[in-house]
**Student:** 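Could you have a look at this structure, given as structure tokens, before my questions?
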Amino acid sequence: MSAKKISSRRVATTMLLWSMFSPLCLVAQQKCDCEGNFKWVKETFEKNDAGFDYALQQKGKDAYQQFNKIILARIKKATTKEECAAVMGDWLQFFRKAHHGIILTNNAPAVAANTSSWEKIALSEEQAKQQISSGSAALFEGIWTTGAYKIAIIPKDKGYKGVILTSTNPAWKPESVKLKISADSSGAFYMGDYSARPFDKAVFYGKNVLQLGRIFLKREYPVFPADPATELYVREISTDGPFLQQLSAKTILLRIPTFDDAQKGLIDSVLKANDQLLKRTENLVIDIRNNGGGSDISYYGILPLLYTNPIRSVNVEMFSTPLNNRRMEEYSARPGLSENDKIEVQAALKKLKEHPGQFVNLSGKIVDEQKLDTIFPFPKNVGIIINNLNGSTAEEFLMAARQSKKVKLFGVTTAGVLDISNMYGVNSPDKQFQLWYALSKSLRIPDLTIDGKGIMPDFYIDKSIPSSQWLDHVVQILEQ
């Protein structure tokens, strides 16, 4: 990513960050000076966040002052840093849904799990199979695999429990209870460090895949007939990296779960390996559901496939403060930065420092316009599948992509977290918290705001169509 692109648009667009990261269950709760930490968070955010004044203009100072009184009363009752982080995270929600955050540093020593007293159920694989009817209507019952574990799920205590049959993780032994499912389908999956990862509802995809929160289990016994469409959907929502799959002679699927900058090389590799296939196939479906953002550079390789006319991208203004400018200083010191990039970064830093307390348009332009030499005849039609978890860079990608005459968006309205962006994280004086806030404001404001609104699809997919059937729905429309 060149410094020129950095300075003119987005310093390093960060993935959408929600207001608080949950602490690990095995981290000892610590007392903290919650009132003092909140004072630091409040002052730091008010002085440096690019969206602070904008939020006050939208909601009013009186509403803000009243909200502060409510939050301060809760802060005074907080005794642990976990409670304090939760309240400060709620305070940040006043300003916008995302592009801010309070993260616990988790610098306390972990409490060792007492595995000697961990619940165990004596059960072999043969015994489990004898208990499970091959035609059982209770779909939870069965032998499942996930990661390092083979698990038998059996009825127990008015719900279900998952017992390890085999494990390649030395921390977990056979007969240990790995998961619990209550009668209402909620429960918990116990991670490698024995911390509980709760889930609200166990979800089936077909009969052979079970989702417990972010954990996916594949049935090994009894196996029911496979549904290729369901298996593809599970692969889509469970994968960490991009992949491409030909769906028919007319249509290709490109799945991109994240635009994290670490994924750029993988995305580009998939595109390069399938370049000729993409350029001779009529339809392309790009599924970015649940993609919360990342870095703009990650999607640059996709744009030539979509291109039909110049792509106009509205720039941002950077809010100049000594703390904010420190991020540019850190960037200029990155190893491997070319001399030209260093010169451009230093020029941008000089411009920022000349305008303290002001918004600075580093490029001096409102819009960047990208013109390409080639319009590829194929793909002829591009359908991009979106949902309400798409935000930040994912929305920036959509803003560019939908300018193409080839592109239509399918799904539901996105998260709406783009106008205030480019995050920076700083540690609290006592090192117990990290505050993340935004450095830039879009020049689209107020004419075309995305925050709180999102980007609407061209084709709305209503609730009568299950999420596992969205892809088939889009393919059917494109191939008509």
Side-chain angles (χ1 to χ4, degrees), residues 12 14-56 58-111 195 198 292 319-330 356-357 392 417 420-441 451:
T14 314
M15 277 203 299
L16 179 154
L17 178 67
W18 302 107
S19 47
M20 192 185 115
F21 279 51
S22 299
L24 290 174
C25 296
L26 295 181
V27 173
Q29 289 194 337
Q30 287 183 290
K31 291 186 177 181
C32 72
D33 175 15
C34 193
E35 199 165 346
N37 276 301
F38 175 61
K39 180 181 179 182
W40 171 81
V41 166
K42 184 173 180 293
E43 289 179 353
T44 303
F45 194 87
E46 289 177 344
K47 290 179 181 179
N48 298 284
D49 182 72
F52 173 74
D53 285 338
Y54 177 60
L56 257 60
Q58 301 297 110
K59 299 186 178 182
K61 291 183 179 179
D62 290 343
Y64 179 53
Q65 291 173 358
Q66 186 61 35
F67 186 71
N68 283 336
K69 291 178 182 178
I70 295 171
I71 291 295
L72 185 57
R74 292 176 58 194
I75 286 289
K76 290 180 177 180
K77 294 179 181 178
T79 58
T80 68
K81 73 173 191 176
E82 289 77 16
E83 293 171 349
C84 189
V87 180
M88 291 192 293
D90 289 345
W91 178 77
L92 289 172
Q93 289 296 310
F94 177 88
F95 306 100
R96 54 187 178 270
K97 288 197 301 183
H99 282 146
H100 53 53
I102 295 289
I103 300 179
L104 295 175
T105 58
N106 288 332
N107 52 6
V111 177
S195 61
F319 187 42
S320 175
T321 71
L323 182 60
N324 292 357
N325 297 341
R326 194 171 77 187
R327 186 191 188 201
M328 191 71 79
E329 293 170 348
E330 292 169 354
S392 191
V417 285
I420 309 297
S421 59
N422 283 306
M423 292 195 302
Y424 185 50
V426 291
N427 292 324
S428 62
D430 64 4
K431 310 299 183 185
Q432 290 190 333
F433 304 95
Q434 191 174 63
L435 167 66
W436 285 78
Y437 64 93
L439 303 177
S440 68
K441 182 172 66 172
D451 284 11

**Student:** So which atom in Ser440 and which in Ala50 form the shortest heavy-atom distance, rounded to 0.1 Å?
**Tutor:**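 Heavy atoms of Ser440 and Ala50 come nearest at N-CB, 3.4 Å.
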**Student:** Using a 4.5 Å cut-off on heavy atoms from C-beta on, say whether the side chain of Thr105 contacts that of Lys81.
**Tutor:**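 Yes; the side chains approach each other to less than 4.5 Å.
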**Student:** Please evaluate residues Asp451 and Lys97 with respect to the criterion side-chain contact (heavy atoms from CB on, under 4.5 Å), reporting the C-alpha separation (whole Å), side-chain torsions for both, the decisive distance (0.1 Å), and the verdict.
**Tutor:** CA-CA 8 Å; Asp451 284 11; Lys97 288 197 301 183; over 6 Å; no
**Student:** Is the shortest distance from a Lys or Arg side-chain nitrogen in Asp49 or Arg96 to a carboxylate oxygen in the other one below 4.0 Å?
**Tutor:** yes
**Student:** Please report the closest heavy-atom contact between Gly89 and Ile102, naming both atoms and the distance.
**Tutor:**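 Smallest interatomic distance, heavy atoms only, reads N-CG1, 4.2 Å.
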**Student:** Are the aromatic rings of Phe45 and Phe95 close, with centres under 6.0 Å apart?
**Tutor:** yes
**Student:** What closest approach, in Å, do Ser421 and Ala438 show between heavy atoms, and which atom pair accounts for it?
**Tutor:** O-CB, 3.4 Å
**Student:** Rounded at 0.5 Å granularity, tell me how far OG1 in Thr321 sits from CZ in Arg327.
**Tutor:**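 One finds 12.0 Å between OG1 of Thr321 and CZ of Arg327.
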**Student:** May I ask you to test the Cys34-Glu83 pair for a side-chain heavy-atom distance under 4.5 Å?
**Tutor:**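 With C-beta onward as the side chain, the pair stays apart.
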**Student:** Which atom names give the shortest non-hydrogen contact between Ser392 and His99, and what distance separates them?
**Tutor:** OG-NE2, 2.9 Å
**Student:** Working to the nearest 0.5 angstrom, can you tell me the gap between Ser428 OG and Ile103 CD1?
**Tutor:** 12.0 Å
**Student:** As an exercise, state the distance from CZ of Phe52 to NE2 of His100, rounded to the nearest 0.5 Å.
**Tutor:** 13.0 Å
**Student:** Taking the basic N atoms (NZ, or NE/NH1/NH2) and the acidic carboxylate oxygens, is any pair closer than 4.0 Å for Lys47 and Glu43?
**Tutor:**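 No salt bridge links Lys47 with Glu43.
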**Student:** For the residue pair Trp91 and Val41, establish whether any side-chain heavy-atom pair is separated by less than 4.5 Å.
**Tutor:**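 Yes, at least one pair of side-chain atoms sits under 4.5 Å.
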**Student:** Which pairs, with at least one residue in residues 61-77 and sequence neighbours excluded, count as a salt bridge (charged side-chain N to carboxylate O under 4.0 Å, His left out)?
**Tutor:**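 As it turns out, the salt bridge (charged side-chain N to carboxylate O under 4.0 Å, His left out) pairs with a partner in residues 61-77, which skip direct neighbours, are Arg74-Asp90.
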**Student:** Taking atom NZ of Lys59 as the centre, report whether more than 12 heavy atoms of other residues, nucleotides or ligands fall under 6.0 Å from it.
**Tutor:** yes
**Student:** Tyr64 and Lys42: which non-hydrogen atoms are nearest, and at how many Å?
**Tutor:** OH-CE, 3.8 Å
**Student:** I need the Gln65 CD to Ile70 CD1 distance, nearest 0.5 Å.
**Tutor:** 12.5 Å
**Student:** Looking only at non-hydrogen atoms, find the nearest pair between Phe319 and Asn48 and report the distance.
**Tutor:** CD2-O, 3.3 Å
**Student:** Answer yes or no: is there a side-chain heavy-atom contact under 4.5 Å between Val426 and Arg326?
**Tutor:** yes
**Student:** Within the 4.5 Å heavy-atom criterion, are Phe433 and Asn427 side-chain neighbours or not?
**Tutor:**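 No, their side chains stay 4.5 Å or more apart.
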**Student:** Checking side-chain contact (heavy atoms from CB on, under 4.5 Å) for the pair Tyr437/Leu92: CA distance, chi angles, key distance, verdict?
**Tutor:** CA-CA 9 Å; Tyr437 64 93; Leu92 289 172; over 6 Å; no
**Student:** Once you round to the nearest 0.5 Å, how far does CD1 of Ile75 lie from NZ of Lys39?
**Tutor:**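 That separation rounds to 14.0 Å.
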**Student:** Decide yes or no for Asn325 and Ser320: does some side-chain heavy atom of the first lie under 4.5 Å from some side-chain heavy atom of the second?
**Tutor:** yes
